[in-house]
Q: 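Okay, handing you the structure first.
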Amino acid sequence: MNPPSHDRPPRVLILGGTSEARELSAALAAHGGLTVSLSLAGRTRNPLDAGVATRSGGFGGAEGLATHLRAERIDALVDATHPFAANISRNAAEAARLADVPLVALLRPAWERQAGDIWTEAADIPEAVAALGESPRRVLVALGRNEVHAVEAAPQHHYLVRSIDPVEPRLTVPHARYIEARGPFSPADEHALLTGNDIDAVLSKNSGGAATYGKIAAARALGIEVIMVARPERPQVETVGSVGAVLGWLERLPHQTSPARRGV
Ligand code: NAP
């Protein structure tokens, strides 16, 4: 870890791209006594303001992130990226080791199958697309625009594709329609979306969290199959499930990164 300096507030870098990262940014900014910065991959064109200094774009792998940690004299690193963003999480683990910076991951719990759910589990997105089967179906695709092109392997289905930013280039399949929308999505609105478009299958990642759970609840209520993509493997690092637990982790660090110890 960088030796804590007595003439400046401790520096915390949050790797973001999730609502949890924004909430954590706001919570740490409200605490005061820390210099907080947020890093985004730069995938979303108009990211919501997190109220802290924000940088955008890749670091150039684990080595690049380690260089950034040293150059910016970061005292603590929080990986609050999406459960499916496995590469940056691996890089964070390696960079924290290289730069000797304490790291914690903030990871929302996965969704659990409930009574009435009709889930088909898939190990990855290509497996999920194959699980739709041969016969044409009407599918809500909620995968994120960077991975949605995987459905081109099954052009027989009718796809309703939802993403925050436009899918570009458009899919090469003959039957695709597009909705641009940013969550949260309520179960009632998702119910209306599924029935209004005669959807008979939902393609979803097991992202967890409340903001995008509405489609899962609506599919359960309507008896619609969900093809659920399992989470990728993550590095073995200390992991917590809430913004409050990250604050606790910061307070336990053996230097003055803790807002509480700094009397704020
Ligand atoms: P990824 O495959 O793990 O990351 C690919 C590369 O993007 C990383 O190697 C890194 O480039 C750069 N990167 C990712 N997150 C970054 C961050 N917070 N700050 C700076 N660089 C970052 O991740 P992804 O699937 O492309 O996701 C990108 C971002 O979108 C993540 O921040 C994630 O939280 C968010 N997101 C992802 C999903 C998803 O399902 N994958 C869903 C919602 C939001 P370098 O190696 O050059 O540093």
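Note that these values count all heavy atoms, side chains included, but never hydrogens, waters or copies made by symmetry.
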Q: Any salt bridge between Glu23 and Arg108, counting N to O under 4.0 Å?
A: no
Q: Should Leu15 and Asn91 count as side-chain neighbours, where that means a heavy-atom distance under 4.5 Å?
A: no
Q: Partners of His149 by ring pair (Phe, Tyr, Trp, His ring centres under 6.0 Å), sequence neighbours excluded?
A: none
Q: Is the closest side-chain heavy-atom distance between Arg8 and Thr35 below 4.5 Å?
A: no
Q: Could you go step by step and tell me if Glu225 and Arg137 meet the side-chain contact (heavy atoms from CB on, under 4.5 Å) rule?
A: CA-CA 11 Å; Glu225 181 184 8; Arg137 301 180 74 177; 2.8 Å; yes
Q: Are the side chains of Pro232 and Arg90 in touch, meaning some heavy atoms are under 4.5 Å apart?
A: no
Q: So if you build clusters from Ile, Leu, Val, Met, Phe, Trp, Tyr with side-chain heavy-atom gaps below 4.5 Å, do Trp119 and Leu222 land together?
A: yes
Q: Does the side-chain contact (heavy atoms from CB on, under 4.5 Å) test come out yes or no for Leu28 and Leu250, once each step is laid out?
A: CA-CA 10 Å; Leu28 291 182; Leu250 286 169; 3.6 Å; yes
Q: So, are Arg220 and Asp117 salt-bridged, with charged N and O less than 4.0 Å apart?
A: yes
Q: What do you reckon, is CD of Glu112 surrounded by more than 12 foreign heavy atoms closer than 6.0 Å?
A: no
Q: For Leu77 and His68, run side-chain contact (heavy atoms from CB on, under 4.5 Å): C-alpha distance rounded to whole Å, both residues' side-chain angles, the deciding distance at 0.1 Å, then the answer.
A: CA-CA 11 Å; Leu77 178 62; His68 179 89; over 6 Å; no
Q: Is there a path from Val243 to Leu38 through hydrophobic residues (I, L, V, M, F, W, Y) whose side chains come within less than 4.5 Å of each other?
A: yes
Q: Would one find more than 12 heavy atoms of other residues, nucleotides or ligands at under 6.0 Å from atom CD of Gln236?
A: no
Q: Are any non-hydrogen side-chain atoms of Pro83 and Leu107 less than 4.5 angstrom apart?
A: yes
Q: If you group Ile, Leu, Val, Met, Phe, Trp and Tyr by side-chain heavy-atom gaps below 4.5 Å, do Leu69 and Val237 land in one group?
A: yes
Q: Which heavy atom of Ala80 sits nearest a heavy atom of Thr18, and at what distance?
A: O-OG1, 2.6 Å
Q: Give the C-alpha distance, both sets of side-chain angles, the deciding distance and a yes or no for side-chain contact (heavy atoms from CB on, under 4.5 Å) between Met228 and Ile216.
A: CA-CA 10 Å; Met228 186 67 85; Ile216 308 300; 3.8 Å; yes
Q: List in chain and number order the residues that pass side-chain contact (heavy atoms from CB on, under 4.5 Å) with Glu238, two or more places apart in sequence or in another chain; answer none if no residue qualifies.
A: Val104, Trp249, Arg252
Q: Does Arg162 pair with Glu190 as a salt bridge, N-O distance under 4.0 Å?
A: yes
Q: Looking at Glu63, I want to see if its CD is surrounded by more than 12 non-hydrogen atoms of other residues, nucleotides or ligands under 6.0 Å.
A: no
Q: Is there a continuous path of hydrophobic side-chain contacts, each under 4.5 Å between heavy atoms, that joins Leu140 to Trp111?
A: yes
Q: Hey, any chance Leu193 and Ile164 share a hydrophobic cluster, counting ILVMFWY side chains that come within less than 4.5 Å of each other, even indirectly?
A: no
Q: If hydrophobic residues (ILVMFWY) are linked whenever their side-chain heavy atoms come closer than 4.5 Å, directly or via other members, who joins Val167 in its cluster?
A: Phe84, Ile125, Val129, Leu132, Val139, Val141, Leu143, Val148, Val151, Tyr159, Val161, Leu171, Val173, Tyr178, Leu203, Ile227, Val229
